[in-house]
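Below, chains carry the letters A, B, ... as their sequence lines are ordered, and counting in each starts from 1.
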Amino acid sequence: MEYNFRDIEKKWQQHWETSGAYTVSNNSTKPKYYVLDMFPYPSGAGLHVGHPLGYIASDIYARYKRLKGFNVLHPMGYDAFGLPAEQYAIEHGIHPAVSTEQNISNFRRQLDNIGLSYDWSREVRTCDPQYYKWTQWIFLQLFNSFYNRQTNKAERISVLIEAFKKEGNKNHPVPDSNYRLPVAGKKGNQFSAEEWNSFDEYTQQSILMEYRLAYCGYGEVNWCEALGTVLANDEVVNGVSERGGYPVVKKKLRQWYLRITEYADRLLEGLERIEFSEAMKEMQTNWIGKSYGAEIDFALKGLQEEKLRVYTTRPDTIFGVDFMVLAPEHELIEKITSPEQKQAVENYIAYVKSRSERERMAEKKITGEFTGAYAINPFNGREIPIWISEYVLAGYGTGAIMAVPCGDERDHKFAKHFGIPITNIMGAHYTGEEANPTKDAVLENSGFITGMVMREAIEVVISKLEEMGIGVRKVNYKMRDAAFSRQRYWGEPFPIVWKQTPAGAIAYPLPESELPLQLPHVDSYKPGPEGEGPLANITAWTSRNLETNTMPGYAGSSWYFLRYMDPKNDQAFCSREASDYWGQVDLYIGGTEHAVGHLLYSRMWTKVLYDLGYIGHDEPYKKLLNQGMIQGSSRFVYRLQWQQMCKGEVDVHAFPQVFISKGLVDRLEKDDKDVQVLLRENIDKILFANGLTIKPDQIVTTPLHVDVNIVDGVTLAIEAFRKWRAEFAQAWLILEDGSIANPNVKSQEGAYICGTEVEKMSKSKFNTVNPDDIIQKYGADTFRMYEMFLGPIDQSKPWDTHGIEGVHRFLKKMWRLFYDEQKGKIWTDEKPTAAELKVLHKTIRKIEEDTERFSFNTAVSAFMVCVNELWELKCHKKEILQPLLILLTPYAPHVCEELWHLLGNTSSVLDAPWPVAEEKYLVESSKEYPVSVNGKLRTTINIALDAPQETVEQLVLSNEVIQKWLGGNTPKKIIYVKGRMVNVVV
RNA sequence: GCGCAUGUGGCGUAAUUGGUAGCCGCGCCAGACUUAGGAUCUGGUGGAGCAAUCCGUGGGGGUUCGAGUCCCUCCAUGCGCACCA
């Protein structure tokens, strides 16, 4: 009876499905545990072997926890709205709903193949109206809430309105301090109760919009023309779109935003309470980018009514300010520029506008222009020239800085470039060569703070500024509010109706009873007028004055982990009862690519829902585990380039396809004369065989990606290669040994060696490996264990199919502990020996430890060690083998369930009692101690574990080998670490 | 440029706390059973040397009885951020 994994896996997968083995209840006396995968976007390409790495890890952990007696929630779903489906629709005319449905069923089939223990009755799809009804509902909660800075949490907008009616906004200043009330003749942004009550509806609603957690406003956004939509900051990488790599430009557009900046501090603080990797926490911390400093108002020379407000983290350097720099967009520029400089400044601004984000990032030229204006240093009255330059960003701080060249690298370069004199306020700490950003220097040339250490002067200066009324302490964040609308079709519609008033349009929420606001069917995905989405083309939509934007991809994924808890609820997004029972996700597994996107947004949504009292916890994930990426290992063949070789004088199509083996290509590149001669002879032969007589000038090859699946290691399967592409059917190959593989002659000796490179796994590089193929060949259990065996879960590594044999052999070997091919059943009911019990209990302990710390690779290795040792002991005893099956169940569930039943069990191994490692089988009385002399290992001596120091010293000193190394000297001391080692110091 | 992480046999890796470096697997070598095997089994496999032994965890230095592990420094690779004042 042999290990027939195909039948076994099919049988149990069906059985588990029909018996509902993975269905989880919200009512259980067992403790709960929630294991979650980052749900996938169901792309048309399907899964490759890289995707399941995290799914397998989470599945092992979920199954392990279940065996340990937990009620485990382990759900799966699809992040099904998004750009690619819509792009596909534009190109192929297939409705996104249709292609998404197809992709999902393909994903599901692939996932099922792996034997993952998901409770599919809880599946969610973000594009399902029953799901996005609640995404829209949560959006309305965001829209109807504001962040109360006094109580430090989100509250109903009605609370704010009540406050405005009674006291104006003196206790709730506008979040954006630069906001100006849309009231004629009104300066500043404060209003009284009377004023509020006198405002018209439009004014009131416009003001409220400034407070809402989801709001609509005009702003600079990342506009991607090719995709026809706006993108969030985290969706733009190096100035191009993350998806597709299209150019992105800054554009002013009406957009919806999430006021995530109000949560900056709580998002930072929350990081201290959750288990994310340090790297992940740091990425979020950097993204939030909190900095402490001061805003300082500088008087302007000859301009009484205006002030120049700058933001600095280094008020201590105020005596070192040699110039000011404004962002080119700064509103003060127009007012302060001198007539002489007007033209130059205008030219400069035009130049800045002409440059794309990408150009700015690529070339770091120092550019700028003098405005002709001067600010006044409040402490010594010094006149400070005001410049403009693109290195100062309009969107951060006040869009203006005080430049201190001796302390800041950029300011220093700017000063040197434009010949601005530099004041040294830190003596020997500044060399004149480069800026020194230290805070530890003693200040010089600094008026009332001269002699102070910079670090301490910061506080002194801020206090002084506040006293003088020209400065305030200020905290700034790099993080911006998140752009929350897309000018696209395939996303959640906003439940918003626009009401036209004479003063302007007002956004009103749709009543909850009208949710879900269903996405209408469209025939065309073309953008609407004026940068609006395809919904703007639908009259049934626009006639109701509905919002035409849709929500971004991260809307649905910001709360899906809650829906799994109560997926069928049509009264609420998730009942409080369900969310209180399941609480936080105990273990969340996924890639690092969502560090600042999804993980930040979902943390914010959770905090809002918590503030509003809908859930009882304010961090969604207790522990995050990042799996590494499995890269592709690409293979290359090297094709002769006739065009270059024959200077274009020939018809390329007349030439045969000729490929040269990697080793020869390498030697050719090193100008190896022998290889050149060899190749020329071979090429002549091939040309002759094809009836051609041309002599090429030089030998040129181009590497081409070749499908990894037709390469064994680095050796090309030549027949498969000829079949792979019609154009290669008649290919000639010059093999590694210099011989020729002729397409018309069947068998040949010698091998064609391919080049290799590690790259991202992708269809276009022909380096994807489909898990279906691996599972077909080796089975799901082997596949699962092999993915884990590859290395630590958090490490990235290239896929290599080769080592899988070892894991497969292990499973076959384990099977043979139970059943022999000839003899059949060989397991027995005999009593185990001490040695066998020791092997088992050692393994129990090791597997438990390794699984708990997510060290799955060492756990697989421990299983191999265990089976090897039992094999050596010729142990076929049920009492040993049965507990081993339980241990292995999380890793290789199918084979374990089969053997479990063959041992005579009638219930499922999925709920078997986890064995307990018993110390009594593991205790040892003595140990083979390593004994070293001066730290160098010389011998080992068997010593009783409870031996005292004197006995050990005697034993060691009487040892022949040690005596030899002592050479008659008396040791200075003997170090004896009980249970570890002995070291003799001479 | 700044920040973080990682460097161990031919390869993937192991060594939970400073305590026998190389477990497990791939590959390779030898043998057994076979008509045959890319099946299975047995043994070997860091380098040098007949051996005793010596050398070995990216390079250099340090702490320690003892360092892959701790500290300093340099190098390489990967990831993240990139004018955030």
Side-chain angles (χ1 to χ4, degrees), chain A residues 2 237-238 277-283 285-287 289-291 293 310-314 317 325 327 360-361 364 366 389-393 395-404 407-411 413-414 437 476-480 592-593 595-596 628-629 712-713 758 785-786 789-792 794-798 800-810 812-813 816 821 846 849-850 852-853 855 857-868 871 927-940 971-977 979-986:
Chain A
E2 63 173 358
V237 182
N238 295 328
S277 69
E278 285 310 309
M280 193 60 62
K281 286 184 182 179
E282 204 176 294
M283 272 190 245
T285 306
N286 286 344
W287 184 263
K290 185 175 189 175
S291 69
V310 303
Y311 175 69
T312 180
T313 55
R314 296 296 301 275
T317 60
V325 188
R360 267 186 51 160
M361 285 177 170
K364 284 187 185 160
I366 299 170
S389 172
E390 60 179 341
Y391 86 87
V392 173
L393 305 176
Y396 183 76
T398 61
I401 62 155
M402 56 180 230
V404 182
D408 184 280
E409 187 60 41
R410 297 151 304 182
D411 298 347
K413 282 190 178 141
F414 194 86
N476 259 324
Y477 302 92
K478 280 196 240 179
M479 185 169 66
R480 303 273 83 97
T592 52
E593 66 272 20
V596 292
M629 203 179 24
D712 180 20
V758 172
M785 290 193 85
Y786 182 56
F789 189 57
L790 237 33
D794 53 353
Q795 235 163 65
S796 288
K797 52 237 156 188
D800 170 22
T801 306
H802 261 85
I804 201 168
E805 299 279 354
V807 176
H808 193 57
R809 266 176 223 147
F810 153 75
K812 285 197 282 189
K813 193 168 182 177
R816 289 201 306 273
E821 263 184 56
K846 174 85 173 143
E849 282 170 1
D850 285 356
E852 289 285 359
R853 65 190 173 103
S855 180
N857 56 327
T858 54
V860 174
S861 158
F863 282 122
M864 290 173 171
V865 171
C866 174
V867 165
N868 288 346
W871 187 263
K927 176 187 165 69
E928 201 62 29
Y929 273 89
V931 182
S932 7
V933 178
N934 288 335
K936 276 205 194 313
L937 179 73
R938 294 306 176 188
T939 187
T940 59
K972 274 196 205 133
K973 67 175 159 179
I974 296 177
I975 294 156
Y976 165 53
V977 182
R980 289 281 184 196
M981 43 58 70
V982 181
N983 188 19
V984 183
V985 186
V986 189

First locate atom CE of A:Met785, then atom CE of A:Met864, and finally report the distance between them rounded to the nearest 0.5 Å. 6.5 Å
In terms of heavy-atom contacts, does NZ of A:Lys413 have more than 12 from other residues, nucleotides or ligands at under 6.0 Å? no
Measure the spacing between CZ of A:Arg980 and CD1 of A:Ile975 and express it to the nearest 0.5 Å. 15.0 Å
Would you kindly compare A:Lys797 and A:Trp871 by the position of their nearest RNA chain B nucleotide and give the one closer to the 5′ end? A:Lys797
Atom P, compared across B:A51 and B:A32: separation rounded to whole Å: 25 Å
Nearest-Å distance, NE2 (A:His802) to C1' (B:C28)? 13 Å
Among B:A15, B:A85, B:G27, which nucleotide sits nearest the side chain of A:Arg809? B:G27
Is it true that a side-chain atom of A:Arg938 and a backbone atom of A:Gly935 form a donor plus acceptor pair closer than 3.5 Å? no
Side chains of A:Met402 and A:Thr317: closer than 4.5 Å at any heavy-atom pair? yes
B:C65 phosphate, OP1 or OP2: any side-chain N/O from A:Lys972 under 4.0 angstrom? no
Is the ring pair A:Tyr396/A:Tyr311 parallel, tilted or perpendicular, if the boundaries are 30 and 60 degrees? perpendicular
For atom C1', what is the distance between B:C65 and B:A82, given to the nearest Å? 48 Å
Calculate the interatomic distance between A:Lys478 atom NZ and B:C83 atom C1'; express it in whole Å. 10 Å
Spacing of the C1' atoms in B:C75 and B:G59 (rounded, Å): 7 Å
From B:C41, B:A85, B:A15, pick the nucleotide closest to the side chain of A:Arg853? B:A15
If you measure from the P atom in B:G22 to the same atom in B:A14, how many Å do you get, rounded? 15 Å
Distances under 3.5 Å only, N/O to N/O: pair up the protein atoms with those of nucleotides 1-11 of chain B.
from	atom 1	to	atom 2	distance (Å)
B:G3	O2'	A:Glu282	OE2	2.4

Counting the atoms with a prime plus P, OP1 and OP2 as sugar-phosphate, which does A:Glu409 contact under 4.0 Å by heavy atoms, base, sugar-phosphate, or nothing? nothing
dist A:Asn868:CG -> A:Phe863:CZ (nearest 0.5 Å) comes out at 13.5 Å
P atom, B:C26 versus B:U77: distance in rounded Å? 32 Å
Spacing of A:Asn934 atom CG relative to B:A67 atom P, expressed in whole Å: 11 Å
OP1, OP2 of B:G78 versus side-chain N and O of A:Ser796: anything below 4.0 Å? no
Rounded off to whole Å, could you give me the CE-to-C1' distance for the A:Met864 and B:G12 pair? 12 Å
Would you measure the distance from the C1' atom in B:G47 across to the matching atom in B:G66 and give it in whole Å? 24 Å
Student check: side-chain heavy atoms of A:Ile974 and A:Val985 closer than 4.5 Å: no
With pairs taken as Watson-Crick or G-U wobble and both distances under 3.5 angstrom, which stems of at least three consecutive pairs involve RNA chain B? B:1-7 with B:75-81, B:10-12 with B:24-26, B:27-32 with B:40-45, B:46-48 with B:53-55, B:58-62 with B:70-74
Minimum-distance nucleotide to A:Lys812 side chain [options: B:A85, B:U16, B:U40]: B:U40
Closest nucleotide of RNA chain B for A:Pro792 versus for A:Thr592: which of these residues is on the 5' side? A:Pro792
Once you apply a heavy-atom cut-off of 4.0 Å, does A:Asn476 come out as touching a base, just sugar-phosphate, or nothing? nothing
Need one value for A:Leu790: base, sugar-phosphate or nothing, where a base atom within 4.0 Å counts as base even if backbone is also close, heavy atoms only. sugar-phosphate
Can you find a side chain N or O atom of A:Asn983 that sits less than 4.0 Å from OP1 or OP2 on B:U20? no
Given the 90°-from-0 boundary between syn and anti, B:G12 should be labelled anti
Approximate separation, where rounding is to 0.5 Å, of A:Leu790 CG and A:Gln795 CD: 10.0 Å
CZ/A:Arg853 to OG1/A:Thr858 distance, rounded to the nearest 0.5 angstrom? 5.0 Å
Given B:G80, B:C65, B:C24, which nucleotide is nearest the side-chain atoms of A:Met283? B:G80
Rounded to whole angstrom, note down the C1' distance from B:G25 over to B:U34. 27 Å
Keeping A:Ser855 on the side-chain end and A:Asp850 on the backbone end, is there a donor-acceptor pair under 3.5 Å? no
What integer number of Å spans the C1' atoms of B:G3 and B:C29? 48 Å
Which nucleotide in B:G19, B:A85, B:U40 has an atom nearest any side-chain atom of A:Thr312: B:A85
Polar side-chain contact A:Arg938-B:U20 base: donor and acceptor under 3.5 Å: no
With distance as the sole criterion, is a donor-acceptor pair present between the side chains of A:Asp800 and A:Tyr786 under 3.5 Å? no
Could you tell me the separation between the CG atom of A:Leu937 and the P atom of B:G68, rounded to a whole number of Å? 13 Å
Any A:Trp287 side-chain nitrogen or oxygen under 4.0 Å from OP1 or OP2 of B:A82: no
Would you compute the distance between atom CG of A:Asp408 and atom CZ of A:Arg314 and round it to the nearest 0.5 angstrom? 9.5 Å
Roughly, in whole Å, what's the span from CD1 in A:Ile975 to C1' in B:A67? 14 Å
Testing B:G19, B:A85, B:U20 for proximity to the side chain of A:Leu393, the answer is B:A85
Have a look at A:Val865 and say if it touches a base, only the backbone sugar-phosphate, or nothing, with a 4.0 Å heavy-atom cut-off. sugar-phosphate
What integer distance in Å separates A:Phe789:CZ from B:G12:P? 13 Å
Ignoring backbone atoms, establish whether A:Arg980 has a side-chain N or O less than 4.0 Å from OP1 or OP2 of B:G66. no
Taking B:C83, B:U42, B:G25 as options, the one with an atom nearest any side-chain atom of A:Tyr391 is B:C83
Which whole-number value in Å describes the distance from A:His808 NE2 to B:U40 C1'? 13 Å
